[in-house]
Structures are given as C-alpha cells and as structure tokens.
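Down below is the structure, laid out as structure tokens.
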Amino acid sequence: MVGPLVRSATAKGAYVNFRLDSAAFVSATLTAALERGSEYGHRPVAGPMASVEHTSANPTGPFHIGRVRNAIIGDTLARVLRAAGTPTTTQYYVDDMGRQATMITWIWSKASSEWPEPIRRAVEGPALTDEKPDARLGRPYPAVSAYLKEDGTAREEVAELIRQIELGTPPSRHRELAQEILGGMLESLARLHIRFDEFVWESDFLRDGSVERVLERLHHAPHAVREENGAWAIDASGYGLPQESGRVVFQRADGTSLYVLRDVAFHLAKFSRFERVVDVLGQDHRLHARTLDALLHEYGEPRVPTYLIYQDITVPEGGRMSTRGGSAVWLDQLLTEAVSRARREVLARREDLVESDVDRIAEAVGAGAIRFHIVRVAPEKPVVFRWEDALSFEGRSGPFVQYSYARAASVLRKSGSDQGPFAFDPAKLTDAEELALIRIVARFPRVVADAARTMHVQSLAGFAHDLADQFNRFYHAVPVLRSGEERASRIALVAAVRQTLGNALELLGIPRLETM
RNA sequence: GGGCGCGUAGCCUAGCUUGGAUAGGGCAUCGGGUUCCUAACCCGGGGGUCGAGGGUUCAAAUCCCUCCGCGCCCGCCA
C-alpha cells in the first residue's frame, strides 16, 4: 500500500486512511500540469473511433434554446471523448426529406403574391432582408404549418413534393433552401463555438441505394410482416414496444420509406466506420430510439447506438418551447441579450480598454454564460428557462470561471515570467489553501476520464467551478507576487491552475480570456 | 391505460451507474471585507423529513418494492 505517493495507511473504524507524501504529491501534480500543458488531463489519441450525432435540427428556422441544449451537450461530449483519447467525429443529420423541410420549399416555390392570405398576413412586418437566412426563410414556417392543417389542397401539394423527393427528383430549390437556412443556424452555433465535422443528408441514403438494400433484407427479417394493403412492418411484440398496434411500420403501402428506415441505413453506415456510436436525443425521441434498436436487431446488426437523452427546456408558464405558441426563446435573442449585458459589465469596471477589446470580451462572456448555464445541469433533468438564471455572471457560472482564469493570467503577466519556465519547491507549498488547490488540479485527469465514460458532461462544469472557487480562496489568502522565498513556487502553482482551468474551459467550449 | 424519465433548503443544482464518515455548491437573505497580485471576488451566519411509505444491509440520497406529483412518448409524422 505504501508507495512513492503514500506515506502511511491506518485503519480507522470502517475506513482505511491513507496519508499522502505531500511533497511527492505536489511535485507530481504540478509537474504533470506544467509539462503536459494543453495535454494535461488528456490521454493519447488511440483506439476505436466514435461518432457523436447531435443537434440535427430540421432546417426550418432559427434555433430556440430548447434545441441548443442538444448542441451544447453533444459538442461538450465530443470534446470530452477526444480528450479521453477517442478519435471523435461529430455528425449533423440534415433532414431534407420530411414534411418540415418540404413545407419550406412549398411556400418559397410560390411568388409571395401567390401565398395564401393567412400566411402572408402572418409574416407581414418590418423589412426582412437584413435578417439571417434562417430567420428570414423560416419566417412563414409556423403559419404554413398551421395552414396545412386547414387546407387539403395545399396538403396534397406538399405530399406531391414529398413523393418527388422520395423519387430522387426534388423541386429545384429544395436542397439550396435547406442549405441556406442551415447556414444561418450554424452561424449562431458558431458563436457558441460549436462546429460539426460532417453533415449527413437524409436523402443521400435513398439516392445511394442503401435504403433499398436495407429494405430487401428487412423484408426477410424474422418478424417482418406484410400488411394487407402492402405496407411492411415488424411485429414488435417481442421487443416490448408500446405501440398500440404492436407493429413498427417501416415501409408505406405505396412503397415509400419511413424516417426510421432511413435512420437504419444511416446507423449501418455509422457502424461501418465507428466503434462507438452516440446519439444525443431529446426525450421525445426515446421511443424512436428503441424502435431503431429493434429494427437494427431485425436487420441482423448486433450493435445499437448509445443514447444520451436530455429533457426539454420548458418555459415558466409551463410547457415546451414552442415556435407556434410564441413561447420560444431564440438563441440569437439570448446571445444578443447576454453579450450586451456582458458589455455593460465590462464597461462598468474597465475604462482602459479599446472598443474592439470590449466587444471581444463581451462576446466571449456572453457565450460562456450560455454554454455553462446549459451544460452544468445533468441532461436528464428538466430545465425551466429563466432569463435571470441564464444571464447570471456570478457564482456557479461561466463568467466566474473565465474571470478566475483571467485573474490567474494577470498574476502571471505581472510576475514577469508569463511563459515560464516555472520552477517550484514542494516544500514551499504547504499552506492549507495551496494544498487544497493542488488536490483539485490533481483531480482533473480523473474527471475527464470519468466524464467520457459516463457521458456526465455536467461534471466538467462542476470541476471548473470547484477549481475556480478554490483558486479565488487561495488568491485572497495567500500572496503570490509579494511573497518572499515562496514566490517562484507560488507562481508555478498559479501557472498550473491557469493551465488546468484553461483545459477545462476548452472542454466546455468556453473561450479563455487573458483579461476581462 | 402502458412504457420511459424526473422529484435533494424559498429557488436552482452536485452526489445515484460502483451503498460508507457532519448530503457538497450556487442564487436569494443577514453580517463583514477593497491605501495590497482584477470585488464578475472573499470571509461568516441562518436555512435540509434527499417526494411518501415499506424492504435489503453493520451502513441507503444512492439498491429493491408500492404509492404520489410532474414531464415525454405510445403515427403508413419526423
């Protein structure tokens, strides 16, 4: 039991207490953090590849923050997996085949003078041209959706477009419209430092024949049944699925494919490239996930994806965020609000900054506040959106962590040896606040590995807060630059904290600020 | 009705997978701290039947059962 780091082990009641060799522990921790630098807490990249599919929102309009929860959880997970040594590809599944995207094409295929009156009325308002494409092109969407419920002729027009898409002859502007809207959506996510490695278009699985191949095999699956009207289904009674019919239809009577069938094709493609396949899904997709598992099993694919399910973000009045109900809080709106508030905070305490620095800091703080606010809560917990919580810059928040990082950076700047080398003597780091701080720094690699294994991305936020919190205590209790013979060692400790805090912020996708 | 998820101080939340020491934080509240390395900070106080009940165990927020409340889903939609 006793080794290089353990000085003694004693039994106490039901516990064994280990006493660490403090100097060796301090030395090992600081050396690791300082020498490994941006790789501290990471493991070498090796081994099986992973795919993380997240966000995948229909290209029909701007993000509301309910959808953004998916993006933030997924992006953080991908970062954590990579840090834990798993080569990870993020995938955005673009649904260009469903009614949603088709409704957009339907309305924009008409000159606005031909738009049905209720839709035209709904989008009347200030000039639309300076809006982002997702906002501009997505504007009629809620009205179109409502209109189709009332108007059978329009519904039939949309159905005809869907058939054309299925046949591989989509309306001319179909994909371009989706692409343009998606571009606007991604612009917003980029402000949260969320980007994707791949965009997978649903229609591609039809075009390349993989849906057809899946179909051939599924027709001969163990529990495949043909309905009287010609539709194909799986008798899912053995899978414990709650469908009232007991069946999962995967091909319509007219021979066209259903979403879950295309998703089977997508996942087979994933399994051919990735060892670990993770889907980040809202809780409303739980049943879809189980259905997909059942179909993969019927197909003969032994693997199933790992699902990271998150609960909806609701509004205080109750209910999910709804575009139609007008209860949605848009990401762009939230960003604008967060950044302008951050700007006020910066201006209130800094008079020495040039305008461009104020803007840059405000943008980083606003984005940091939003990301942290979402990721700090376990995905399976429901979240009620409240402005005052989302815009909190104090306590357990992104800006608090960013501030602590900037504070450490400031100390190092003033130390005159910002970039090191950092020499330390463990015998000089004996204060209780110092040791507490070092213990948290030492935890980081474990936190990253555990988060990757359990997909508990919220623990990264917890760690970042704990480290920032203890650093602030240390900062108040222990002088660094004004200290005597401990000075060099304390500077090294601050450097190790800056590095670790910076690495944690990187995993959270929150910008590091050298000053704020 | 069935399936799945959630329930921890006034509010928000960690811990639950792998059961262990006085259940950690944050917001709010009350009281303090700035001639000194960034006060987006720090120190201190008050505030808890871990939804309820039962069970397993030397030991339960954590595992099992029942119940209650809330959410989601149960389409030839996506």
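Each chain gets a letter, A, B and so on, in the order the sequences are listed, and its residues count up from 1. If you're wondering where the values come from, they're calculated on a predicted model, not measured in any experiment.
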Nearest-Å distance once atom C1' is located in both B/C72 and B/U29: 36 Å
Ring centroid separation A/Phe266 to A/Phe205 under 6.0 Å: yes
Side chain A/Arg453 and base B/U18 donor-acceptor under 3.5 Å: yes
Touch class at under 4.0 angstrom, heavy-atom based, for A/Met97 against every strand present: nothing
Short side-chain to backbone donor-acceptor contact, A/Arg262 and A/Leu206, under 3.5 Å: no
Distance, P atom - from B/G69 to B/A52, rounded to whole angstrom: 15 Å
Pair A/His465 and A/Phe372, ring centroids less than 6.0 Å apart: no
Distance between C1' atoms of B/C16 and B/G3 (Å, rounded): 22 Å
Sugar-phosphate only, base, or nothing, as touched by A/Val365 at under 4.0 Å among non-hydrogen atoms: base
Donor + acceptor pair across side chains of A/His219, A/Gln251 (<3.5 Å): yes
Residue-phosphate contact under 4.0 Å: A/Gln458 side-chain N/O, B/G15 OP1/OP2: yes
Among B/C72, B/G25, B/U38, the one nearest A/His465 by side-chain distance: B/G25
Sugar-phosphate only, base, or nothing, as touched by A/Asp254 at under 4.0 Å among non-hydrogen atoms: nothing
P-based separation of B/C42 from B/G25 [nearest Å]: 12 Å
P spacing across the pair B/G19 / B/A28, given as an integer number of angstrom: 37 Å
Sugar-phosphate, base or nothing in reach of A/Glu202, heavy atoms under 4.0 Å: sugar-phosphate
Basic-acidic side-chain contact under 4.0 Å: A/Arg443, A/Asp466: yes
Length of the CZ-C1' vector between A/Arg262 and B/C76, whole Å: 12 Å
Charged N-O contact under 4.0 Å between A/Asp263 and A/Lys270: no
Sugar-phosphate only, base, or nothing, as touched by A/Asp466 at under 4.0 Å among non-hydrogen atoms: nothing
Sub-4.0 Å heavy-atom contacts from residues 369-395 of chain A onto RNA chain B, ordered by number: A/Arg376, A/Val377, A/Ala378, A/Glu380, A/Lys381, A/Pro382, A/Phe393, A/Glu394, A/Gly395
Check: A/His285 ring centroid to A/Tyr307 ring centroid under 6.0 Å: no
Under-4.0 Å side-chain N/O to phosphate OP1/OP2 contact, A/Arg350 with B/U38: no
Phosphate contact (B/C77 OP1 or OP2) by A/Arg252 side-chain N/O below 4.0 Å: yes
